[in-house]
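Only one structure is covered here, and it is reproduced in the block below.
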Protein chains: 2
Amino acid sequence: MKDLPPFAQHFILHWGEMGTKWGINRTVAQIHALLFISDRPLHAEEICDQLGVARSNVSNSLKELQNWGIVKVVHLPADRRDHFESIQDVYELFRVIAAERKKREIDPTLARLRDCANEAGTTDNPADTHAKEKLESLLSFFELVSDFYTKMDRLPTKSAIQAIRMGDKIAKSIGALMK
Amino acid sequence: MKDLPPFAQHFILHWGEMGTKWGINRTVAQIHALLFISDRPLHAEEICDQLGVARSNVSNSLKELQNWGIVKVVHLPADRRDHFESIQDVYELFRVIAAERKKREIDPTLARLRDCANEAGTTDNPADTHAKEKLESLLSFFELVSDFYTKMDRLPTKSAIQAIRMGDKIAKSIGALMK
DNA sequence: CGAATATTTCTGTCTTTACAGAAATATAGA
DNA sequence: TCTATATTTCTGTAAAGACAGAAATATTCG
């Protein structure tokens with residue numbers, strides 16, 4: 001990591017730690033951090049050198065980032081090597097990440113909760129009835145969150161930012177809006 | 001898990017898997033799932049029996065859940081054993097989880113990003129300037145998210161639900177609200 | 001086609017995390 | 001205080017994940 005200024009190193013290391021806390025491989029997160037702050041696409045070898053990790057690790061991690069849809073391959077003139085760049089707009093970045101997590105985790109959970117609720121069906125056992133109701137409340141919640149995400153995802157970046165920024169005013173206006 | 005109806009078993013197992021994808025220990029997530037759907041507080045031994053995990057594992061996991069603030073100890077009359085119950089309201093549950101993640105992860109990241117931005121200070125290297133700007137845009141984003149969370153957290157459950165539910169209408173009203 | 005270079009896949013090792021069982025400690029009533 | 005019971009901490013093992021280096025494969029240019 002010798003070539004990077006200290007502040008960049010600190011950021012990349014912290015981002016790696018953050019990743020692990022959210023179920024993302026440390027190296028994957030570090031590579032993404034590096035690409036995010038880079039002012040040009042990097043090839044795999046450069047990433048190895050900067051982060052001091054094995055070539056194979058970089059290869060697999062880059063594939064993972066491409067699967068997430070937040071890193072793309074680009075080619076530079078007169079250079080046959082793949083170069084990689086991250087989504088640069090931070091709002092777009094998190095929108096894509098959120099979309100992917102929804103697809104991978106929220107949607108399957110919704111499906112599973114629906115299955116469980118159906119399985120529960122009619123039961124006379126009071127404990128089971130209670131469990132079924134808890135599952136249904138969880139399901140409602142996930143449906144709500146899922147719908148909200150879909151609505152926000154359709155907004156252009158600027159509107160989305162404003163929607164977030166207006167959070168408190170919006171809350172106060174709920175009554176009026178509902179009429 | 002013999003005593004539990006199949007739908008409850010399926011839910012608990014799925015919840016455990018979900019946990020691992022979000023950086024939460026499988027057993028911790030399973031125990032929470034069990035407590036969430038239970039219609040009464042359970043003691044540690046019951047949790048062992050139901051999930052088939054070691055007593056020590058249950059002990060540590062329960063402590064973890066208490067640290068998160070989503071499980072509380074209660075005592076029943078004429079029973080000296082600790083009994084455990086989860087927050088039952090699903091919105092409250094996720095509110096508490098979000099608050100804890102903010103405290104543990106978002107706030108430290110904000111602090112770190114500010115440090116990095118300061119460290120970056122004045123630099124004449126164009127690549128470093130670019131990196132610094134990327135860090136600052138990330139910082140703005142996290143500040144926005146953090147503020148939004150604080151606003152939502154202060155809303156009573158009902159208003160928060162409505163705010164989420166009204167997402168699309170709110171978006172359309174942003175222009176009007178801003179005047 | 002063949003050589004050089006780039007990339008991916010495979011294999012084994014190392015590290016970390018999860019976890020069971022035992023031991024130690026604490027607590028409450030007799 | 002002593003005994004029974006509940007709880008936590010400790011220790012070793014097992015499983016999972018991360019990762020390096022080597023091998024295999026693919027690509028491009030001469």
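Side-chain atoms are counted along with the backbone in the values below, which use heavy atoms only and exclude waters and symmetry mates. Convention: sequence-line order gives letters A, B, ...; per-chain numbering from 1.
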[X] [atom1] to [N] [atom2]: how many Å, rounded?
X: A:Glu64; N: D:dG17; atom1: CD; atom2: P; value: 13 Å
X: B:Leu42; N: D:dT7; atom1: CG; atom2: P; value: 13 Å
X: B:Lys21; N: D:dA16; atom1: NZ; atom2: C1'; value: 16 Å
X: B:His43; N: D:dT8; atom1: NE2; atom2: P; value: 14 Å
X: B:Lys63; N: C:dA26; atom1: NZ; atom2: C1'; value: 13 Å
X: A:Leu62; N: D:dA18; atom1: CG; atom2: P; value: 16 Å
X: A:Gln66; N: C:dT8; atom1: CD; atom2: C1'; value: 12 Å
X: A:Ile31; N: D:dA18; atom1: CD1; atom2: P; value: 13 Å

In Å and rounded to the nearest 0.5 Å, what is the CG to NE2 distance from A:Leu4 to A:His10? 11.0 Å
Below 4.0 angstrom from OP1 or OP2 of C:dA18, is there any side-chain N or O of B:Asn60?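 False: B:Asn60 side-chain N/O out of range (4.0 Å or more) of C:dA18 OP1/OP2.
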Reckon [X] touches a base, only the sugar-phosphate, or nothing at all at heavy-atom distances under 4.0 Å?
X: B:Asp82; value: sugar-phosphate
X: A:Arg26; value: nothing
X: B:Arg81; value: sugar-phosphate

Starting the side chain at C-beta, find the nucleotide from [options] nearest to [X].
X: A:Arg80; options: C:dA6, C:dT27, D:dC19; result: C:dA6
X: B:Ala54; options: C:dA20, C:dA28, D:dA20; result: C:dA20
X: A:Thr27; options: D:dT8, C:dC19, D:dC19; result: D:dC19

On the side chain of A:Ser56, is there an atom forming a donor-acceptor pair with the base of D:dA20 - under 3.5 Å, no angle test?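 Side chain to base: pair present.
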Quiz item: cation-pi between B:Arg101 and B:Trp68, 6.0 Å / 45°: no
Any cation-pi pair here, A:Lys102 with A:Tyr149, using under 6.0 Å and within 45°?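 No; the conditions do not both hold, so A:Lys102 does not lie above the ring face of A:Tyr149.
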When you match B:Asn57 and A:Asp79 each to their closest nucleotide on DNA chain C, which lands nearer the 5' end? A:Asp79
Aromatic plane relationship, A:Phe94 with B:Phe141 - under 30° parallel, 30 to 60° tilted, over 60° perpendicular: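 Parallel, since the angle between the ring planes stays under 30°.
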Inspect the contact between A:Arg40 and A:Glu46 and indicate whether a charged nitrogen and a carboxylate oxygen are less than 4.0 angstrom apart. yes
